[in-house]
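Each ligand, and each atom within it, is numbered from 1 in the order the structure gives. Sequence positions, counted from 1, serve as the residue numbers for this chain.
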Amino acid sequence: MQSPISYDSLIETLTFLSTDIEGSTAMLRRLGDVAFAPVLAEHHRIIRESIEAHGGREEGTLGDSFFATFTSPRAAVACGIDIQRTLDDFAWPGDEQLRVRMGIHTGEASEETTGLVGYQVHRAARIAAVGHGGQILLSSATAGLVEDSLSGDSTLRSLGSHRLKDLGRSETLFQLLAPGLQADFPPLRSLDNPELPNNLPASLGTFIGRVSELQEVLVLIRECRLVTLTGAGGSGKTRLALQAAAEFLDGSGDGVWLVELAPVSDPDRTADAIIEALQIRHEPGLAPVDNLLRVLRDQRSLIILDNCEHLIDSVAKLVELLTRTCPKVHLIVTSREPLGVDGEDVYRVRSLSLPAGNVEAVTDVAGSDSVELFVTRTRQHDKSFELSDSNVSLVASICRRLDGIPLAIELAAARLSSMSVEDLHERLDQRFSLLSGGSRNALPRQQTLGAMVAWSYDLLNEFEREVFRRLTVFVNGFDLRAAEAVCTNESIESYELDDIIGSLVAKSLVVAERGDTFLRYRLLDTIRQFAADRLLEVEGEFGMGEARQGHAEYFLGLCEAAEPFLEGGSDQAQWLNRLEQEWDNL
Ligand SMILES: Nc1ncnc2c1ncn2[C@@H]1O[C@H](COP(=O)(O)OP(=O)(O)O)[C@@H](O)[C@H]1O
Ligand SMILES: [Mg+2]
């Protein structure tokens, strides 16, 4: 039996106001330390007075950013307007005009000994970050709460949906218009802005914790141009690399590019994969490597080479060439092993921080990233889940048992849609004790993740298992139609496949990627390899061959269907896009 849900009194809905001075580093350089200090002090005074006047609470400052909370969203909005007007009217020294960007968002947060925590808390700062000095941006949550009660002369302008740098879900943003406030601004500095060229994935799960790791990686990228993130599968290398890359993107260079190497099996195609990801034009007569070096020679860009372990030698050679020939290109490599080339800085990705051994109350797990990931992911499957004093020690013990490995935690959290925390804890305990020969000591990391993936697989029903195993043939994602060609047979009809894949997504064994116009699925690398092993084990070479044949026939059919349209005509672009998306599968 699931224990009754306790809505901890510590959790409340608040409106967050985040402010940040635009171009403060440049201003500091222009004015110098001595002249800048009083400017900053005035800025602090104006903001503090306004927060207080509107009944808000200052939660913290970091450099030139402020963070405040309000119980009333209207008060937060009024405070924002007030600050902008006062800053605008103030006589700043010289010709300077201090301009502040603001983000306002409403959501749940919990108060802990270390301050406010929760995903929503950071969201306001993420929103502020895409705005311009003088601009006030509202999330759709806040906009919905205030739109009918704005004072007569204020209105909201919808700026559409935007991808923020946390790479979480897109957010529809609104600009607050009020007399005395500038109304027109350049496009928002979100990931959709063409001035921030990138191919970072659209909507990943929220990035949790790792504050110091992120800073460390950012410093390394700036200082040494080649950083290799190493660690076991599922430890969070890719997610950390993507987050660092998003933070690096400031519009001042030639962009940030993700090159997925997992689907590339031929070492001679490494350069081609980079060329494709960076959308570099093919030069007839020029070898791909030379073409790449020619284009990147003068560029300032950051390139992530993700999943290099199976191509170590070829990536090492190419990376040496790139670092030698292209002085402004920075590289992040993710790989289980270092490349072993000159100038490489190896950064080992640690597990997410674990809670202490003795946990009795929610406050005891403050600052534990593994618990935060567990709770966030559980709530994606079950909105009503809350961490409470009655379940926190079990949750903490599960996270410790899983050694803070993000992928293992995600798989465990996905089980809570069909079992209670007590059951999950007990069954994991049994399983792991068995594996470690009865010892309560932790298993080696790789084995811990393997055990978690195997357990998730064992809990599937027979049809889900069969589909899951066969999905291994897709090296870089698939849609429902492609899955149908590979997974349907006498026992699984195509109309059932939709539900089966939905169920695999709910169990975190398959990742769904939803765009404006498409829905695609993908298996994380570690999980895809596990599926391949199971396919061979259960169905042997014959089963693997059959799945591959279904795959080959489907894509052959796709190419044949595309052929008449590739020469030109109104549908050409659409077909080319479709083939490009499937390139790695072809
Ligand atoms: N800091 C984090 N916050 C949220 N999710 C994370 C974090 N780190 C890893 N994950 C999730 O855990 C899973 C495994 O991470 P991933 O980066 O793919 O590992 P690796 O590249 O080391 O195999 C992914 O689903 C990823 O989104
Ligand atoms: Mg990875």
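Within the structure, every pair that satisfies the side chain to side chain donor-acceptor pair (under 3.5 Å) test and touches residues 521-532, not counting sequence neighbours, is listed here: Glu513-Arg522.
The backbone N or O of Lys165 sits less than 3.5 Å from a side-chain atom of Gln243, completing a donor-acceptor pair. Listed for the Thr334 side chain is a donor-acceptor partner under 3.5 Å among the backbone atoms of Asn307.
Partner of Leu188 under the side chain to side chain contact (heavy atoms under 4.5 Å, CB included) criterion, chosen from Leu164, Asn193, Leu137: Leu137.
Here the side chains of Arg469 and Leu460 are not in contact, with every heavy-atom distance at 4.5 Å or above.
Remark: Arg377 is not positioned above the aromatic ring of Phe374, lacking an NZ or CZ atom under 6.0 angstrom from the ring centre and at most 45 degrees off the axis.
Because the distance cut-off is set at 2.8 Å, Asn307 fails to qualify as a neighbour of the Mg ion (ligand 2), as none of its N, O or S atoms comes that close.
Residues with a heavy atom under 4.0 Å from ligand 1: Thr206, Phe207, Ile208, Arg210, Ala232, Gly233, Gly234, Ser235, Gly236, Lys237, Thr238, Arg239, Leu373, Arg377, Pro406, Leu407, Glu410, Leu524.
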